[in-house]
Amino acid sequence: MSVRKLKPITPGQRFRVVNGFDAITTDKPEKSLLAPLKKSGGRNSHGKMTMRHRGGGHKRRYRIVDFKRDKQDVAAVVKSIQYDPNRTAFVALLEYTDGEKRYVIAQNGLEVGQKVSSGASSAPEIGNALPLNDIPLGTIISCIELRPGQGAVMARSAGTFAQLMAKDGKFVTVKLPSGETRLILSGCLATIGAVSNSDHQLLVSGKAGRSRWLGRRPRTRPVAMNPVDHPMGGGEGRASGGHPRSKNGIPAKGFRTRSKTKSTNRYIIERRKK
């Protein structure tokens, strides 16, 4: 993993830091695993804008990623490590012994030609997916299920990882990337290793136009708005805007929005750090 700082030959490149892409082995995706991806522009099925600051951006095709890893006890070989425009992590193209190909989230250290597998009989090595109950304590894991068979929902972003802390009956204790410690059913699958592209957090876009390429539209500061447009708008002169809050009036910067009566609260041993 590496990053490159560009020479300032244009204003947009003065502060630009780009990915070295030294882990990428090919720039051609597997055609059989591509699907069309339609843009919504932040609109719902009625055409109403339900998410602001969305629209435009480069056309993409979706890579069908196998989050369930349900092809168990069948060996696969890593054919290539590829860039995925729909996520921060890289994806690995696996070819199973029966000829089937699948994309999975690539882990740090995963190399072309390496053999990976999933299931309880797999060894706890990088890229293998095992039930949490069969993973040794202290192991760095990612792509974790929350319910058996659901598919990976946690620790899927670039550079993220969790750690297996303890086992007790049908639950295991996992420390998540947010700092939260919680109980997860021991039958849930997790992949060994941290997610690839850990240098993603070091990238600097360099110019506003790059955000437009990614489909992000400009955002107006709330304190520059009128009272009718935002709770932090209005005031004489350059007013600070009062207490920080969203456009819907929900306080920001420290206000906890998780329900106190949520049924899964009993599985959280230690809340995420503020």
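Along the sequence shown, the residues carry numbers beginning at 1.
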Is [Y] reachable from [X] through a run of hydrophobic residues whose side-chain heavy atoms are each under 4.5 Å from the next?
| X | Y | value |
| --- | --- | --- |
| L203 | W213 | no |
| I192 | M154 | yes |
| V78 | V195 | no |

Q: Take K71 and D66 through the salt bridge (Lys or Arg N to Asp or Glu O under 4.0 Å) test and state the conclusion after the steps.
A: CA-CA 10 Å; K71 200 175 180 71; D66 177 21; over 6 Å; no
Q. What orientation do F90 and F21 show, parallel under 30°, tilted 30 to 60°, or perpendicular over 60°?
A. tilted
From [atom1] ([X]) to [atom2] ([Y]), nearest 0.5 Å:
| X | Y | atom1 | atom2 | result |
| --- | --- | --- | --- | --- |
| I105 | R63 | CD1 | CZ | 12.5 Å |
| L33 | K101 | CG | NZ | 8.5 Å |
| T139 | M165 | OG1 | CE | 11.5 Å |
| K207 | R16 | NZ | CZ | 7.5 Å |
| R102 | K68 | CZ | NZ | 10.0 Å |
| S205 | R212 | OG | CZ | 13.0 Å |

Minimum-distance pair of heavy atoms, taken over all atoms of [X] and [Y]:
| X | Y | result |
| --- | --- | --- |
| A92 | L110 | CB-CD2, 3.8 Å |
| L132 | A190 | CD2-CB, 3.6 Å |
| I140 | A194 | CG2-N, 4.0 Å |

[atom1] ([X]) with more than 12 external heavy atoms under 6.0 Å:
| X | atom1 | result |
| --- | --- | --- |
| Y103 | OH | yes |
| R54 | CZ | no |
| K115 | NZ | no |
| F15 | CZ | no |

Heavy-atom side-chain contact between [X] and [Y] under 4.5 Å:
| X | Y | answer |
| --- | --- | --- |
| L185 | P148 | yes |
| P85 | Y83 | yes |
| M232 | M225 | no |
| F255 | I250 | yes |
| N133 | K167 | yes |
| N128 | T191 | no |
| L189 | Q72 | yes |
| T220 | H53 | no |

Q.
side chain to side chain contact (heavy atoms under 4.5 Å, CB included), that's the test. Do L176 and T181 meet it? Break it down for me.
A. CA-CA 6 Å; L176 298 173; T181 304; over 6 Å; no
Q: Run the numbers on I184 and R182 for side chain to side chain contact (heavy atoms under 4.5 Å, CB included), then give the verdict.
A: CA-CA 7 Å; I184 301 176; R182 69 167 290 152; 4.2 Å; yes
Can a donor-acceptor pair be found, under 3.5 Å and without considering hydrogens, that links the side chain of [X] to the backbone of [Y]?
| X | Y | answer |
| --- | --- | --- |
| R43 | G41 | yes |
| N86 | R61 | yes |
| N44 | G47 | yes |
| E180 | V174 | no |
| R156 | A152 | yes |
| S142 | G193 | yes |

Q: May I have the step-by-step check of side chain to side chain contact (heavy atoms under 4.5 Å, CB included) for Q107 and C143, ending in yes or no?
A: CA-CA 10 Å; Q107 270 65 39; C143 298; 3.9 Å; yes
Ignoring hydrogens and angles, state whether a donor on the side chain of [X] or [Y] is under 3.5 Å from an acceptor on the partner side chain.
| X | Y | result |
| --- | --- | --- |
| R4 | N19 | no |
| N108 | S196 | no |
| Q82 | S80 | yes |

Q. Can R69 and V104 be said to form a side chain to side chain contact (heavy atoms under 4.5 Å, CB included), step by step?
A. CA-CA 8 Å; R69 298 295 294 269; V104 296; 3.6 Å; yes
Q) Would S32 and E30 satisfy side-chain hydrogen bond (donor to acceptor under 3.5 Å, both in side chains), going step by step from the backbone distance to the final call? A) CA-CA 6 Å; S32 62; E30 175 63 31; 3.0 Å; yes
Q | R258 vs T264, side-chain hydrogen bond (donor to acceptor under 3.5 Å, both in side chains): CA-CA, chis, key distance, verdict | A | CA-CA 11 Å; R258 186 179 174 91; T264 53; 3.0 Å; yes
